[in-house]
Amino acid sequence: MSEIRTRFAPSPTGFLHLGSARTALFNWAYARRHGGKLILRIEDTDRLRSRRESEEAINDGLRWLGIEWDEGPFRQSERAERHAEVIASLVASRQAYRCRCTQEELEERKQRTIAAGGKWTYDGRCRDLDLGEECGPHTVRLRIREGADLSWNDGVFGHSGQDAREIGDMIIRRSDGNALFNVAVVVDDLDMGISHVIRGADHHPNTPFQIAIYQALNVEPPQFAHVPLIVGTGGKKLSKRRDPVSIQHFRAEGYLPQAVCNWLIRLGWSHGDQEVFSAEEITSLFDLEAVNRSSAQADPGKFQWLNQHYLKQLPGNQLLREVLPFLEAEVDAKVEVTPGLERLLDLLRERSKTLVEMAQQARFLVVDAIEIDEKAARKHLKPAIAPALSSLAEALDELGDWSESEIEAAFERVLAAHGDLKIGKLAQPVRVAITGGTISPGIFETLAALGHEKAVRRIRAAIRGVESTAESRTD
RNA sequence: GCUCCCAUCGUCUAGCGGUCUAGGACGGGGCCCUCUCAAGGCUCAAACACGGGUUCGAUUCCCGUUGGGAGCGCCA
């Protein structure tokens, strides 16, 4: 059996799109699974929409996801000569012919046919005219035999095909001399030795026409597999306005590439009841047979769950490396890495869905001065708790060993000394005092992570705050 | 409008004629744990779109209906 060669062929018209990324992932997984190669080809023949920056964005996105290609990136635009050559050979062998119908004429005839209740395919006006080079401005059309068998066995949809009569003689070269997408794709796939064309189901209707080109070229088409589209909430088409669709966006939101890949691979593909797949599992288990035929909605909830799952699994040094940029953006300053910070991040991974959230939750530890949430202060920093808070500040200040267990012991002493105060009564005020809010990891762990000096300073500052508001109230 | 495609809990899905009183996961409810928030454990609710066939037997096969999607460019 010959080598498995798949390709990812995006058009560089924006950022790496969610659906494109999944197609890339499927192609990559399929190639890896079978010891084959993935070829990256940029379909940039639409000059108006193609931009070099978006090509870079696609490469970056793929690299970030860990999808490595083996050959390319090739640019379709750089292969124009080869496309022209193939079209010329098709004309020479009378498989294609020149057509001088103008767009206006075509449009008019089309409207007339439709108005008369007919179905429009090219009416073949120039089909047998045998027009030569000198016929003036013209396009080139592929001659489609009426009885041609344009069917194929799709890797996902099974037996597929369309009646040749439904297709009509399609244009393969524009009047400006450039090849059209369908030919360019066929020629490139052929030249690049692609064995499996795995692409979005939006290409499903294109396939019969491409098969006609393979037939005209008298070559065997590759295997086709069309993967169902990803749709947005409500089963509607993904919209750039409503749905987040760019991989870069997810990256900026603090999602891990492992989570994105895992999420995407399970959209339309499954392996029994398994939900979590490492990159190794993806590339050893992925299988076209198990790809679904119906389109899938992208569920953000599952995505968040997966992201937290991977966050929890990340080795400490990697977690730090991932969060640091987000944390520095959060506080808008360079952040010094301390053991306390590392400890806090470790506690935070169980409480964060994304790196962005984690950075927000770690903020209190790296800033010099915190802002205390007013509502939290009103609820928890009341005069009644001030005495206990003072004793705690004292007890903590005297601690020689700033460890979680010593801090806990200090708490217990203070609690006992204040009439068996419940720990919750003291923990919340302290939490507000040191983090500015009501939410944090366990209070002993949080205090330990924050550090001796900052912790005591913040508690004392909170006590002063309580006293001053108490005074202003009695006025 | 025409061509093609799809249809299991809210969502992603398992199921490839009897094992289905339909399984898992996310999300949701409840309980436990608990210094807050999480995490974790246990638990509950939740689906075969509808109508005809085929068959001893249909979630599974066939045909319609309905609903959704894609394509119908001198775009890719």
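Every chain is numbered from 1, with letters handed out A, B, ... down the list of sequences.
With respect to the salt-bridge test (charged N to carboxylate O, under 4.0 angstrom), the residues A:R79 and A:D191 qualify. A salt bridge links A:R75 to A:E55: one of the charged nitrogens lies within less than 4.0 Å of a carboxylate oxygen.
A:C99 comes within 4.0 angstrom of no nucleic acid atom, judged by non-hydrogen atoms across all strands. In this structure, A:L229 reaches the sugar-phosphate backbone alone: every heavy-atom distance under 4.0 Å involves primed, P, OP1 or OP2 atoms, never a base. Counting any heavy atom pair closer than 4.0 Å across all strands shown, A:T102 reaches a base atom. Counting non-hydrogen atoms under 4.0 angstrom, A:P208 reaches nothing in the nucleic acid. Using a 4.0 Å heavy-atom distance criterion, A:R293 is classed as a sugar-phosphate-only contact. If you check every strand for non-hydrogen atoms under 4.0 Å, A:K110 touches sugar and phosphate atoms only. Residue-level contact check: A:G442 touches the bases, meaning some heavy atom is under 4.0 Å from a base atom. A:Q103 comes within 4.0 angstrom of a nucleotide base, judged by non-hydrogen atoms across all strands. Note on A:H203: a base of the nucleic acid sits closer than 4.0 angstrom, heavy atoms only. Within the nucleic acid shown, A:Q76 comes within 4.0 Å of sugar-phosphate atoms alone, with no base atom in reach, counting heavy atoms only. As judged by a 4.0 angstrom heavy-atom cut-off over every strand, A:T139 is placed among the base-contacting residues.
For A:D273, whose side chain is taken as the heavy atoms from C-beta onward, the closest listed nucleotide among B:C26, B:C2, B:A14 is B:A14. Between B:U36, B:G24, B:A14, one nucleotide has an atom nearer to the side chain of A:K302 than all others, and that is B:G24. Here the nucleotide nearest the side chain of A:E350, chosen from B:A39, B:C35, B:C12, is B:A39. Candidate nucleotides B:A25, B:C75, B:U36 were compared by shortest atom distance to the side chain of A:W305, and B:A25 ranks first. Of the candidate nucleotides B:C4, B:G71, B:A7, B:A7 has the atom nearest to the side chain of A:S294. Minimum atom distance to the side chain of A:L267 is reached by B:C12, of the listed B:C12, B:U11, B:A14. Comparing B:C5, B:U36, B:C12 by their closest approach to the side chain of A:E275 singles out B:C12. Here the side chain of A:E166 is nearest to one of B:U3, B:A25, B:C4, namely B:U3. The side chain of A:I439 lies closest to B:C37 when the candidates are B:C75, B:C37, B:C12.
Phosphate proximity of B:C75 to A:N206: absent, as no side-chain N or O sits under 4.0 Å from OP1 or OP2. Residue A:K353 places at least one side-chain N or O closer than 4.0 Å to OP1 or OP2 of B:A39. Remark: A:K312 is in phosphate contact with B:G40, judged by side-chain N or O atoms under 4.0 Å from OP1 or OP2. One finds no side-chain N or O of A:R199 lying less than 4.0 angstrom from the OP1 or OP2 phosphate oxygen of B:A70. For the OP1/OP2 pair of B:G69 and a distance below 4.0 Å, the side-chain nitrogens and oxygens of A:S295 include no atom meeting the criterion.
For the P atoms, the distance from B:U54 to B:C16 is 25 Å, rounded to whole Å. B:C9 and B:G27: their C1' atoms are spaced 11 Å apart (whole Å). Between B:G41 and B:A58, the two P atoms lie 40 Å apart (nearest whole Å). Nucleotides B:G23 and B:G15, compared at atom P, are 15 Å apart to the nearest Å.
Here the closest heavy-atom approach between residue A:R98 and residue A:L131 is recorded as NH1-O, 3.0 Å. Counting all heavy atoms, side chain and backbone alike, A:L355 lies closest to A:V323 at CD2-CG2, 3.9 Å.
If A:K119 and A:P205 are placed on RNA chain B by their nearest nucleotide, the residue sitting closer to the 5' end is A:K119. Residue A:Q308 is the one, among A:Q308 and A:F181, whose nearest nucleotide of RNA chain B lies closer to the 5' end (criterion: closest heavy atom).
Residues satisfying the side chain to side chain donor-acceptor pair (under 3.5 Å) criterion with A:D154, sequence neighbours excluded, are A:W152, A:H226.
Non-hydrogen atoms lying under 4.0 Å from RNA chain B are contributed by A:F157, A:Q162, all within residues 143-163 of chain A.
Heavy-atom neighbours of A:E53 CD from other residues, nucleotides or ligands within 6.0 Å: above the threshold of 12.
A donor-acceptor contact shorter than 3.5 Å links the side chain of A:S278 to the backbone of A:E281.
A cation-pi contact, defined as under 6.0 Å to the ring centre and within 45° of the axis, links A:R22 to A:F26.
Rounding to the nearest 0.5 angstrom, the gap separating the OG1 atom in A:T23 from the CG atom in A:D202 is 8.0 Å.
Across all strands shown, B:A49 pairs with B:U65; the Watson-Crick or G-U wobble distances both stay below 3.5 Å.
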